[in-house]
A.B. asks: 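One structure is given below, represented as structure tokens, and several questions about it will come after.
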Amino acid sequence: SAKDMKHRLGFLLQKSDSCDYSSSQGKKEKIPSSQRVSQEEVRKWADSLENLIHHDRGLAAFRAFLKSEYSEENIEFWVSCEDYKKTKSPAKLSPKARKIYDEFISVQATKEVNLDSCTREKTSHNVLEPTLSCFDEAQRKIFTLMEKDSYRRFLKSPYYLDLVGPPSASCRPESCKRSHTHTLDCNSNIISQCA
């Protein structure tokens, strides 16, 4: 009916109305300034991939970027290896190592990472008697791959540029929409330039 159509149009117009609405959608409260990432911190992410992925929000933004390129398995593998190295119980090493191997390294892996056959073979051998360092070489190779390839593209992408740009210029409706979509996708903790 016409009334129903009018209601739907009103709802859609209201939904895309302003930065304020979209930035508060889902959560009514604004992000406290203590949880925001400073421009200085965001700029440090351009210095090295290490700076980026050792910061929670930087890691979330990079992960979202990789997801957009259908290559998130690289960062997921790297994060899994970092988590694995923190394993305290020797009894948990073997099942955790097997899980990482099955998910990222084996030929039938659901999220297979791009490793050369020599590294893959060495890692397969290491998993038979796992130690905290059994994935080190594979993790290093994937880190280098990300550093030389996707990290450089990330620094030129809206996922990074929207965070490093001046806040005043970023509150136009079109950039707010773009920036907010990306920040929502990567992590609700990432600042929205319009908040």
A.B. asks: Report yes if some heavy atom in the side chain of D102 is under 4.5 Å from a heavy atom in the side chain of K99; otherwise report no.
C.D. replies: no
A.B. asks: Can you tell me if S133 uses its side chain to pair, donor with acceptor, with the backbone of D136 under 3.5 Å?
C.D. replies: no
A.B. asks: Take atom CD in E41; do more than 12 heavy atoms of anything else shown fall under 6.0 Å from it?
C.D. replies: yes
A.B. asks: Is there a continuous path of hydrophobic side-chain contacts, each under 4.5 Å between heavy atoms, that joins L66 to V79?
C.D. replies: yes
A.B. asks: Which heavy-atom pair separates C81 from F135 by the least distance, and what is that distance?
C.D. replies: SG-CB, 3.7 Å
A.B. asks: Listed by chain and number, what are the side-chain hydrogen bond (donor to acceptor under 3.5 Å, both in side chains) partners of Y151, not counting sequence neighbours?
C.D. replies: none
A.B. asks: Distance check, rounded to the nearest 0.5 Å: S80 atom OG versus I75 atom CD1?
C.D. replies: 10.0 Å
A.B. asks: What is the distance from atom CZ of R57 to atom CG of L52, rounded to the nearest 0.5 Å?
C.D. replies: 13.5 Å
A.B. asks: Atom CD in E147, atom CG in L145: separation rounded to 0.5 Å?
C.D. replies: 10.5 Å
A.B. asks: Do you know which two heavy atoms are closest between P130 and S94, and how far apart they sit?
C.D. replies: CG-CA, 3.6 Å
A.B. asks: Who are the side-chain hydrogen bond (donor to acceptor under 3.5 Å, both in side chains) partners of E73, not counting sequence neighbours?
C.D. replies: none
A.B. asks: Compute whether any side-chain donor of one residue and acceptor of the other, for T87 and K96, lie under 3.5 angstrom apart.
C.D. replies: yes
A.B. asks: Nearest 0.5 Å, what's the CZ-CD distance between R43 and Q39?
C.D. replies: 5.0 Å
A.B. asks: Any donor-acceptor pair under 3.5 Å linking the side-chain atoms of Y101 with those of T123?
C.D. replies: no
A.B. asks: Between E82 and F77, is there a donor-acceptor pair closer than 3.5 Å when you use the side chain of the first and the backbone of the second?
C.D. replies: no
A.B. asks: Answer yes or no: is there a donor N or O on one side and an acceptor on the other, between the side chain of Q139 and the main chain of W78, under 3.5 Å?
C.D. replies: yes
A.B. asks: Once rounded to the nearest 0.5 Å, what's the spacing between atom CG of L132 and atom NZ of K85?
C.D. replies: 9.5 Å
A.B. asks: Quick one: list whatever passes side chain to side chain contact (heavy atoms under 4.5 Å, CB included) with L115, sequence neighbours left out.
C.D. replies: I105, V113, T119, R120, A138, K141, I142
A.B. asks: Walk me through whether E103 and I100 qualify under side-chain contact (heavy atoms from CB on, under 4.5 Å).
C.D. replies: CA-CA 5 Å; E103 194 172 354; I100 292 171; 5.9 Å; no
A.B. asks: Fit a plane to each ring of Y160 and W45, take the angle between them on a 0 to 90° scale, and name the class: parallel (under 30°), tilted (30 to 60°) or perpendicular (over 60°).
C.D. replies: tilted
A.B. asks: Could you state the interatomic distance from CZ (R153) to OG (S68), rounded to the nearest 0.5 Å?
C.D. replies: 9.0 Å
A.B. asks: Tell me the closest heavy-atom pair linking M146 and L49, and the distance in Å.
C.D. replies: CB-CD2, 4.0 Å
A.B. asks: Does a side-chain N-to-carboxylate-O contact under 4.0 Å join K111 and E72?
C.D. replies: no
A.B. asks: Are the aromatic rings of Y159 and F154 close, with centres under 6.0 Å apart?
C.D. replies: no
A.B. asks: Can you give me the closest heavy-atom contact between A61 and L163, atom names plus distance?
C.D. replies: CB-CD1, 4.4 Å
